[in-house]
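For reference, the structure discussed in these notes is given below.
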2 protein chains.
Amino acid sequence: MSRAHTKTQQERKAETRERLLVAAAQLFAEFGVDAVSVDAVAEAAGRTSGSVYAHFGSKQGLLLALLDSWKDSVVTVLLAEVAVTRSPQGQLAAVWGNVTHSPGDESGRWALLEHELWLRAARDPEVAERIRMRNADARRFSSHQLRHWTVAAGAQPSVPPDELAVLVKALLTGLAMQRLLEPDVVTDDLAVRGLSALVGLTSGLPSHQDTPRPADPGPAHRSDRSTTINEGATP
Amino acid sequence: MSRAHTKTQQERKAETRERLLVAAAQLFAEFGVDAVSVDAVAEAAGRTSGSVYAHFGSKQGLLLALLDSWKDSVVTVLLAEVAVTRSPQGQLAAVWGNVTHSPGDESGRWALLEHELWLRAARDPEVAERIRMRNADARRFSSHQLRHWTVAAGAQPSVPPDELAVLVKALLTGLAMQRLLEPDVVTDDLAVRGLSALVGLTSGLPSHQDTPRPADPGPAHRSDRSTTINEGATP
DNA sequence: GTCTATATCCCGATAGAC
DNA sequence: GTCTATCGGGATATAGAC
């Protein structure tokens with residue numbers, strides 16, 4: 001019959017699918033995949049559990065669809081947005097800032113979902129395959145960014161850009177993990193210094209041995225040298 | 001009554017507790033905490049689920065007890081065993097080797113449990129507290145090791161040892177994660193180079209720019225410079 | 001495609017005998 | 001302290017009306 005009617009049906013179907021995916025992402029991130037029931041996802045999307053099975057067949061199907069519809073990893077894309085800040089260190093600080101204070105993400109829920117999926121991938125080949133594809137894309141992109149950035153910033157890394165991308169991602173991931181449990185341990189300044197060392201940036205940041213303290217590094221609490229973060233991020 | 005009889009009862013109790021903890025560690029690591037039932041743990045330990053509740057009160061109690069009885073993190077302790085190899089790079093390679101090929105651990109099951117617990121800690125304050133204590137101890141130890149090692153190896157890190165410990169752990173963790181899903185991406189050589197950059201070791205390893213290729217780094221697959229790993233480890 | 005109702009299963013935890 | 005038996009709850013997934 002009327003095409004207009006059919007059109008709205010298609011739209012509603014698409015909208016339902018989208019709402020289910022969004023709801024799943026939020027709930028999975030906040031409480032973990034296993035702790036969230038199919039009913040909870042459907043309810044958060046304003047539907048019922050039946051719609052989940054109509055669209056995705058199973059909870060696992062929902063998870064896989066979520067993986068496919070996923071944007072690129074938070075950790076890697078950020079390298080795109082660093083062109084604003086002045087100094088090379090400022091750009092590294094911006095990268096780290098985006099990892100920790102990702103836009104609209106309270107207390108790193110996205111990162112939690114990221115880890116949840118990684119953990120699942122380690123045990124489920126089906127999930128692993130999709131994660132690998134995502135990683136491959138992200139790595140290609142970020143190595144491309146790094147190749148240009150290193151020459152522009154005058155950095156001299158000890159490995160080519162594609163491998164440097166792996167190192168940078170590893171350090172960012174590991175630091176973000178420690179920071180989530182113990183925020184005081186991972187200062188912004190430390191992250192920037194770590195990144196600088198990896199990419200082979202020597203200028204600007206003095207070695208900690210330049211201001212020699214005989215035996216003791218002083219009582220706790222190194223003053224955090226305000227690494228002005230997020231100058232031009234989130235346009 | 002007879003003390004000898006009481007003695008064997010105590011022994012059996014202790015043995016049961018130990019067997020439950022071991023079984024829990026293995027099963028949790030292999031399948032994940034949520035995927036393993038209390039019955040499964042008890043059965044693997046040659047007991048029944050009742051014994052779990054008699055000893056630990058709940059599944060959560062079992063998990064917390066497991067955390068307390070835990071040895072130090074795989075990632076950090078390894079710094080103790082590196083004194084054998086000759087060159088500084090060889091020692092870094094040994095550290096990385098212990099991370100990847102931890103003794104008696106097939107395909108990084110331990111690392112999986114480690115991440116599982118971290119993820120749980122991110123959502124459960126009770127778990128987080130115990131993880132923090134473990135981390136604090138491990139960090140103290142590894143920073144102590146690093147302080148001596150850097151002077152012995154002639155390394156010049158850009159941060160003091162306690163902060164360097166954070167960076168090293170972060171890089172090792174991140175690399176181990178990527179390696180578990182994509183082994184080819186994280187070569188032993190790359191790990192050693194990353195660590196070298198962090199700790200400020202310059203000698204020995206040439207910059208990749210020393211053999212300049214005009215535009216393209218070449219088709220994939222850099223030959224892995226056999227970084228002889230595990231010379232004197234696992235005595 | 002979406003909802004309601006329900007089937008089926010399994011888990012965590014408890015009660016009580018020994 | 002350990003086992004057997006069981007309760008109560010909640011999960012995934014299906015069946016059928018609309």
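We name chains A, B, ... by the order of the sequence lines, and we start the count at 1 in each one.
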Inset, instruction - Using whole Å, report how far NE2 of B:H55 lies from C1' of D:dC3. - result: 13 Å
Legend entry - Pair B:Q60, B:D124: side-chain N/O donor-acceptor within cut-off below 3.5 Å: yes
Sequence neighbours excluded and cut-off under 3.5 Å, please list the side-chain donor-acceptor pairs for residues 39-50 of chain A, or say none.
| from | atom 1 | to | atom 2 | distance (Å) |
| --- | --- | --- | --- | --- |
| A:R47 | NE | A:T16 | OG1 | 3.0 |
| A:R47 | NH2 | A:T16 | OG1 | 3.2 |

Inset, instruction - Would you indicate, yes or no, if C:dA13 has its OP1 or OP2 atom less than 4.0 angstrom from a side-chain nitrogen or oxygen of B:S49? - result: no
Legend entry - Nucleotide D:dG1, atom P - distance to CD of B:E11 in whole Å: 15 Å
Inset, instruction - Return the nearest nucleotide to the side chain of A:A54; candidates are D:dA13, D:dG1, C:dT2. - result: C:dT2
Inset, instruction - Please state how far atom CD in A:Q9 lies from atom P in C:dT2, giving the value in whole angstrom units. - result: 10 Å
Legend entry - Interatomic distance where NZ belongs to A:K13 and P belongs to C:dT2 [whole Å]: 8 Å
Legend entry - Distance in angstrom units between A:E15 CD and C:dT2 C1', rounded: 13 Å
Legend entry - Any side-chain heavy-atom pair of B:E116 and B:F28 under 4.5 Å: no
Inset, instruction - Using whole Å, report how far CG of B:L62 lies from P of C:dC11. - result: 15 Å
Legend entry - Which nucleotide in C:dC3, C:dA13, D:dC3 has an atom nearest any side-chain atom of A:T48: C:dC3
Inset, instruction - State, with a plain yes or no, whether a side-chain heavy atom of A:L190 is found less than 4.5 Å away from one of A:T187. - result: yes
Legend entry - Sub-4.5 Å side-chain heavy-atom contact between B:R132 and B:E129: yes
Legend entry - Proximal nucleotide (of D:dA13, D:dT2, C:dG1) relative to the A:K59 side chain: D:dA13
Inset, instruction - Using a 4.5 Å cut-off on heavy atoms from C-beta on, say whether the side chain of A:V168 contacts that of A:V95. - result: no
Inset, instruction - Name the closest nucleotide to the A:Y53 side chain, picking from D:dC3, C:dA13, D:dT14. - result: D:dT14
Inset, instruction - Check whether any side-chain heavy atom of A:R123 sits under 4.5 Å from a side-chain heavy atom of B:F31, and report yes or no. - result: no
Legend entry - Length of the line joining B:F56:CZ and C:dG12:C1', which is rounded to integer Å: 16 Å
Inset, instruction - With a 4.0 Å heavy-atom cut-off, tell me which residues in residues 20-43 of chain A come close to DNA chain C, sorted by residue number. - result: none
